Trainee: 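Sending over a structure as structure tokens; questions will come in a sec.
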Amino acid sequence: MNYWESKIDEIERSLKTGDKYKKWRDDVLDPWNKKTNYNEREYYNSSRIKIKELYDRDDLPSNIDDILGYPGVYPYTRGIYPNMYRGKLWTMRMFSGFGTPEETNKRLKYLIENGETGLSIAFDMPTLYGFDCDNERSHGEVGKCGVNVSSLYDMERIFDGIDLSRVSTSMTINAPAAVLTAMYFALAKKQGHPLEKISGTVQADILKEYIAQKEWIYPPEAHLRLIKDMMVFCTKNAPKWNYISVSGYHIREAGSDAVQELAFTLADGFYYIDLGINAGLNVDDFAPRISFFFNSSIDFFEEIAKFRAARRIWATVLKEKYNARNPRSMMLRFHTQTSGYTLTWQQPLNNIIRTTVEAMAAILGGTQSLHTNSYDEAWALPSDEAVKVALRTQQILAEETGIANTIDPLGGSYYIERLTSEMEERAYKYLNEIERMGGILNAIKSGYIQREIAETSYKRQMRLENLEDVMVGVNKYIEKDERPINTLKITEESEIEQINKFHELKKRRDINKVKRSLENLRKAMEGDENTMPYIIDAVENYATLEEISNIGREVFGEWKEPKIL
């Protein structure tokens with residue numbers, strides 16, 4: 001029996017169904033259903049876990065006291081901090097970025113003025129793929145789904161008037177994560193701040209790109225080498241910087257269910273633990289800087305149970321399998337974003353309700369940071385009005401509802417505890433299957449993970465089309481002749497302005513310094529030196545994102561994913 005099988009066996013032995021429930025069904029429920037002509041049907045959550053009509057004390061795991069514990073204490077089921085939101089509210093971090101750096105700077109300041117407590121930057125497609133704004137492949141996409149960053153000059157304009165030593169910034173960037181991190185560090189140095197004082201997060205989770213979002217530049221091994229370099233560099237030089245935010249969000253948006261999001265995300269996280277250990281780092285020196293990013297979807301209790309199971313699995317595996325000793329290594333810290341795939345362009349104001357429910361699930365699940373989607377995001381990037389409503393949603397939940405007044409208020413619930421353990425067990429089954437296949441990298445390269453998600457997504461769509469699942473305004477309570485809403489439009493002028501400023505930068509930079517720094521970077525990539533100091537040197541000399549990415553393209557080559565059908 002391997003490690004994962006032992007955990008599955010442990011959970012299975014702890015779960016049972018009591019005789020009192022069976023007696024109640026036989027003596028009370030079934031006669032009532034017959035009397036009222038009610039035809040019982042089966043209920044399932046998104047993970048196809050069958051939901052009983054009632055849970056009681058006998059549904060609690062037999063080892064509930066051991067696996068539940070207290071907040072701030074292993075296995076952190078009830079939260080990673082002793083006083084949770086009574087001590088400090090979650091960070092309200094609205095995902096922002098569009099058009100030119102100046103437009104994004106204006107949005108960031110607008111959100112700060114309205115009470116946002118952490119910054120979060122979205123980048124456009126050219127930036128995510130490592131192309132400059134003037135590349136012909138970038139035409140029509142510059143600034144459309146995020147802000148364009150082609151050089152350090154753009155980063156300087158995004159954060160104009162914002163002190164990087166006083167804010168925590170999250171950057172949703174993966175394939176060129178090392179380059180954008182280098183730009184952020186270079187800007188901090190220009191502002192006069194030592195890297196030891198700079199806090200924030202870069203996503204850098206390339207494994208989920210191959211699984212779900214499909215925005216890579218190089219083969220997996222090359223990207224993982226760059227992530228390893230970033231882990232080593234940041235562990236030694238930027239101790240407050242989270243250099244990987246392991247993302248389940250995009251896995252869920254691609255169509256997975258909650259258990260798959262849980263299992264595949266943690267599998268990625270464990271791979272990064274192995275990566276750090278194989279790079280010669282002590283697990284307790286680098287694991288505390290790995291954070292997570294989860295989706296909060298519409299099945300309220302399932303999402304709460306998912307977050308609690310994630311904390312417990314991470315803590316248990318870090319302690320038992322990786323021999324971590326530092327409690328911070330075992331604390332799964334995570335940011336949450338409300339679901340994008342539950343947003344509808346039909347009756348878009350309904351999305352405010354969906355987002356509120358999903359935000360409540362994230363808070364009750366113990367998130368450290370939260371982004372609430374705007375009601376107009378099924379149509380376009382959020383307008384000022386819509387993003388303010390989304391931020392106010394969090395503020396109302398925090399200040400008016402009492403939801404943050406007690407810690408883990410659903411802890412001990414018969415239903416929640418049973419569901420948490422059932423999701424934990426199913427996640428371990430996936431982790432066991434992934435190990436049987438030779439690890440997460442092999443599971444990705446073979447297309448196994450992608451096929452699992454695609455099949456789940458297809459089945460969900462079929463349930464919607466067959467009216468087995470309901471989306472209000474889409475397949476039920478439909479309205480005809482809906483009026484369109486006002487949306488944010490990114491103009492062609494924004495792209496022209498960005499390209500013009502980019503060309504001006506290239507004219508005034510020292511091209512000899514650029515060439516020298518790029519050649520030094522090439523040598524580092526071809527060898528085994530840590531590439532981060534060379535990337536930082538290149539961006540400080542205003543080498544562009546594409547120039548740096550192209551060095552990697554020449555050294556590492558490119559990659560195509562396997563067929564999954």
Side-chain angles (χ1 to χ4, degrees), residues 91-124 126-128 132-134 142-173 176-177 179-195 197-202 238 240-241 371 381-384 387-388 391 488 490-491 493-510 535-536 538-545 548:
T91 302
M92 299 180 191
R93 195 187 297 276
M94 304 302 294
F95 199 33
S96 308
F98 63 90
T100 65
E102 287 83 1
E103 290 170 311
T104 293
N105 177 264
K106 183 178 178 182
R107 171 63 65 85
L108 292 177
K109 290 178 177 177
Y110 172 80
L111 286 166
I112 291 170
E113 289 169 1
N114 279 280
E116 178 176 66
T117 55
L119 305 182
S120 182
I121 309 298
F123 301 93
D124 66 7
T127 306
L128 294 171
D132 290 338
C133 60
D134 65 345
V142 174
K144 288 294 175 67
C145 67
V147 65
N148 181 262
V149 174
S150 298
S151 73
L152 175 59
Y153 179 49
D154 298 322
M155 193 72 80
E156 293 166 352
R157 289 147 57 208
I158 290 171
F159 291 100
D160 181 49
I162 298 174
D163 186 339
L164 297 193
S165 69
R166 295 180 177 272
V167 298
S168 169
T169 302
S170 174
M171 298 193 295
T172 304
I173 195 81
V179 184
L180 273 293
T181 299
M183 290 180 183
Y184 196 85
F185 288 175
L187 178 58
K189 289 168 64 178
K190 289 192 73 171
Q191 289 187 356
H193 308 307
L195 295 186
K197 292 187 176 182
I198 300 302
S199 63
T201 302
V202 64
K240 293 184 178 181
W241 189 256
H371 164 86
L381 291 177
S383 64
D384 282 353
V387 77
K388 183 189 286 188
L391 178 57
L488 176 69
I490 309 301
T491 66
E493 285 73 22
S494 293
E495 179 170 339
I496 294 170
E497 177 186 342
Q498 177 68 354
I499 292 172
N500 288 340
K501 288 189 176 182
F502 178 67
H503 288 164
E504 290 171 5
L505 166 72
K506 293 184 77 172
K507 289 177 183 177
R508 66 175 181 266
R509 65 181 182 168
D510 188 329
I535 297 174
I536 292 173
V539 301
E540 286 178 332
N541 288 318
Y542 293 95
T544 73
L545 174 65
I548 294 170

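Values reported hereafter were calculated over all heavy atoms of this structure, with side chains retained and with hydrogens, waters and symmetry mates removed. Predicted, not measured: the structure shown is a model, and the values here were computed from it.
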Trainee: Walk me through it: do E102 and K501 pass the test side chain to side chain contact (heavy atoms under 4.5 Å, CB included)?
Mentor: CA-CA 11 Å; E102 287 83 1; K501 288 189 176 182; 2.8 Å; yes

Trainee: Please examine the side chains of D124 and K144, heavy atoms only from C-beta on, and report whether any two atoms are closer than 4.5 Å.
Mentor: no

Trainee: Got a second to check how far F502's CZ is from S150's OG, nearest 0.5 Å?
Mentor: 5.0 Å

Trainee: Measuring only between side-chain heavy atoms, which start at C-beta, is D154 closer than 4.5 Å to V147?
Mentor: no

Trainee: Are any of the side-chain heavy atoms of L119 and I112 separated by less than 4.5 Å?
Mentor: yes

Trainee: What are the two closest non-hydrogen atoms of M155 and L180, and how far apart are they?
Mentor: CE-CD1, 3.5 Å

Trainee: Using every non-hydrogen atom in the two residues, find where L488 and L381 come nearest and quote the distance to one decimal.
Mentor: CB-O, 3.4 Å

Trainee: Any non-hydrogen side-chain atom of Y542 less than 4.5 Å from a side-chain atom of D510?
Mentor: no

Trainee: Start with the C-alpha distance between R166 and H193, add both sets of side-chain angles, then the distance that settles side chain to side chain contact (heavy atoms under 4.5 Å, CB included), and finish with yes or no.
Mentor: CA-CA 10 Å; R166 295 180 177 272; H193 308 307; over 6 Å; no

Trainee: Output the distance between atom CD (E497) and atom OG1 (T491), rounded to the nearest 0.5 Å.
Mentor: 8.5 Å

Trainee: Run the side chain to side chain contact (heavy atoms under 4.5 Å, CB included) check on L108 and I121 step by step: do they pass?
Mentor: CA-CA 9 Å; L108 292 177; I121 309 298; 3.7 Å; yes

Trainee: OG/S383 to NZ/K388 distance, rounded to the nearest 0.5 angstrom?
Mentor: 10.5 Å

Trainee: Would you say R107's side chain and S96's backbone share a donor-acceptor pair under 3.5 angstrom?
Mentor: no

Trainee: Between OG1 of T117 and CE of M94, what distance do you get to the nearest 0.5 Å?
Mentor: 10.5 Å

Trainee: Would S168 and R93 count as having a side-chain donor-acceptor pair, cut-off 3.5 Å?
Mentor: yes

Trainee: Which heavy-atom pair separates H503 from D134 by the least distance, and what is that distance?
Mentor: NE2-OD2, 3.0 Å

Trainee: Using a 4.5 Å cut-off on heavy atoms from C-beta on, say whether the side chain of D384 contacts that of K106.
Mentor: no

Trainee: About how many Å separate CD1 of I162 and CG of N105, when rounded to the nearest 0.5 Å?
Mentor: 5.0 Å

Trainee: Does a donor on one side chain sit under 3.5 Å from an acceptor on the other, for N148 and E495?
Mentor: no

Trainee: Give the C-alpha distance, both sets of side-chain angles, the deciding distance and a yes or no for side chain to side chain contact (heavy atoms under 4.5 Å, CB included) between H371 and S120.
Mentor: CA-CA 9 Å; H371 164 86; S120 182; over 6 Å; no

Trainee: Using 0.5 Å steps for rounding, measure from the OH atom of Y153 to the CZ atom of R509.
Mentor: 14.0 Å

Trainee: Testing the basics here: between L391 and E116, what is the closest heavy-atom pair and its distance to 0.1 Å?
Mentor: CD2-N, 3.9 Å

Trainee: List the atom of I173, the atom of L128, and the distance in Å for their closest heavy-atom pair.
Mentor: CD1-CD2, 3.5 Å

Trainee: Can you name the closest pair of heavy atoms from V387 and Y110 and give their distance?
Mentor: CG1-CE2, 4.1 Å

Trainee: Is a side-chain donor or acceptor of E103 paired with a backbone partner of T100 at a separation under 3.5 angstrom?
Mentor: yes

Trainee: Considering residues, nucleotides and ligands other than K189, do more than 12 of their heavy atoms fall under 6.0 Å from its NZ?
Mentor: no

Trainee: With heavy-atom distances below 4.5 Å as the criterion, would you say the side chains of Q498 and R157 are in contact?
Mentor: yes

Trainee: Below 4.5 Å, heavy atoms only, C-beta onward: do L187 and E156 meet side chain to side chain?
Mentor: yes

